[in-house]
Each structure stands twice: as C-alpha cells, then as structure tokens.
J.: 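The following block contains the structure, expressed as structure tokens.
Model, not experiment: these values are computed from the prediction.
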Amino acid sequence: MLFNSLEFLIFLPIVLVVYYRLPHRGQNAFLVLASCCFYASWDWRFLFPLLFSTSTDYLCAARRGSRTDLRTCCQLRE
C-alpha cells in the first residue's frame with residue numbers, strides 16, 4: 001500500500017476513526033497494530049524487523065522508566 005493509493009485513502013480514515021474512539025492506552029496499541037498492517041500490506045517481510053525494533057524500543061524504555069536513580073540509569077554496565 002502506497003501513500004498515494006486508493007487503499008491508503010480507505011485505510012487512513014478507518015484508522016483515524018478507530019483511533020479517536022479508543023481510550024489513550026488503547027490508542028497506542030492500536031497505532032502499533034495499524035502500523036504493522038500498513039507495512040505488512042506492502043511486503044510482509046518488513047513486518048519482522050518492525051516488530052523486533054518496536055519490541056526492543058518498548059522493553060528498553062520500560063526498563064529505563066522503572067529505574068529511580070538517574071545516575072545508575074544512564075550508566076552502562078561493565
């Protein structure tokens with residue numbers, strides 16, 4: 001699906017309507033799902049790097065957010 005295709009012209013309004021009807025926490029999860037559908041519709045092989053990158057970013061941010069001491073948070077372990 002390309003940005004200038006008829007599929008995208010249908011896809012975008014559906015995503016926007018669903019997005020604005022969901023609560024905030026659901027909006028974030030839905031955007032990840034919609035992004036995966038968008039990239040997989042063009043070529044499913046792009047889905048795996050996207051999922052890996054998204055999962056890695058989420059886990060790193062969650063781990064960093066759970067730390068209370070900023071000095072230890074930003075230091076690399078040796």
Side-chain angles (χ1 to χ4, degrees):
M1 171 182 347
L2 299 174
F3 290 111
N4 60 353
S5 68
L6 181 60
E7 292 173 324
F8 185 74
L9 190 62
I10 296 168
F11 177 77
L12 183 61
I14 292 171
V15 168
L16 288 175
V17 167
V18 173
Y19 174 81
Y20 284 113
R21 290 182 183 238
L22 290 173
H24 180 67
R25 193 170 200 79
Q27 288 176 342
N28 294 338
F30 178 70
L31 281 182
V32 170
L33 180 66
S35 296
C36 290
C37 290
F38 176 76
Y39 283 103
S41 70
W42 189 61
D43 190 349
W44 63 270
R45 292 174 291 185
F46 290 124
L47 187 59
F48 299 112
L50 178 67
L51 289 174
F52 176 76
S53 174
T54 302
S55 301
T56 302
D57 291 342
Y58 176 78
L59 292 173
C60 289
R63 184 172 180 189
R64 186 171 181 172
S66 67
R67 304 243 176 134
T68 55
D69 186 12
L70 289 178
R71 287 184 304 157
T72 59
C73 175
C74 297
Q75 293 176 350
L76 296 175
R77 292 187 180 198
E78 295 177 12

J.: Does OH belonging to Tyr39 count more than 12 external heavy atoms closer than 6.0 Å?
T.: no
J.: Could you list the donor-acceptor pairs under 3.5 angstrom formed between side-chain atoms of residues 42-50 and any protein atom two or more places apart in sequence or on another chain?
T.:
{"unit_1": "Asp43", "atom_1": "OD1", "unit_2": "Arg45", "atom_2": "N", "d": "3.4"}
{"unit_1": "Asp43", "atom_1": "OD1", "unit_2": "Arg45", "atom_2": "NE", "d": "3.2"}
{"unit_1": "Asp43", "atom_1": "OD2", "unit_2": "Arg45", "atom_2": "NE", "d": "3.4"}
{"unit_1": "Asp43", "atom_1": "OD2", "unit_2": "Arg45", "atom_2": "NH2", "d": "2.8"}

J.: Indicate if Phe38 and Leu31 have the same hydrophobic cluster label, given that clusters are the connected sets of ILVMFWY residues with side-chain heavy-atom separations under 4.5 angstrom.
T.: yes
J.: Name the atoms and distances for all side-chain donor-acceptor pairs under 3.5 Å in residues 14-23, with sequence neighbours left out.
T.:
none

J.: Looking only at heavy atoms, what is the nearest atom pair of Phe8 and Pro13, with distance?
T.: O-CD, 4.2 Å
J.: Main chain of Phe52, side chain of Ser55: is a donor-acceptor contact present, judged purely on distance under 3.5 Å?
T.: no
J.: For the CG atom of Leu51 and the OH atom of Tyr58, what is their distance to the nearest 0.5 Å?
T.: 15.0 Å
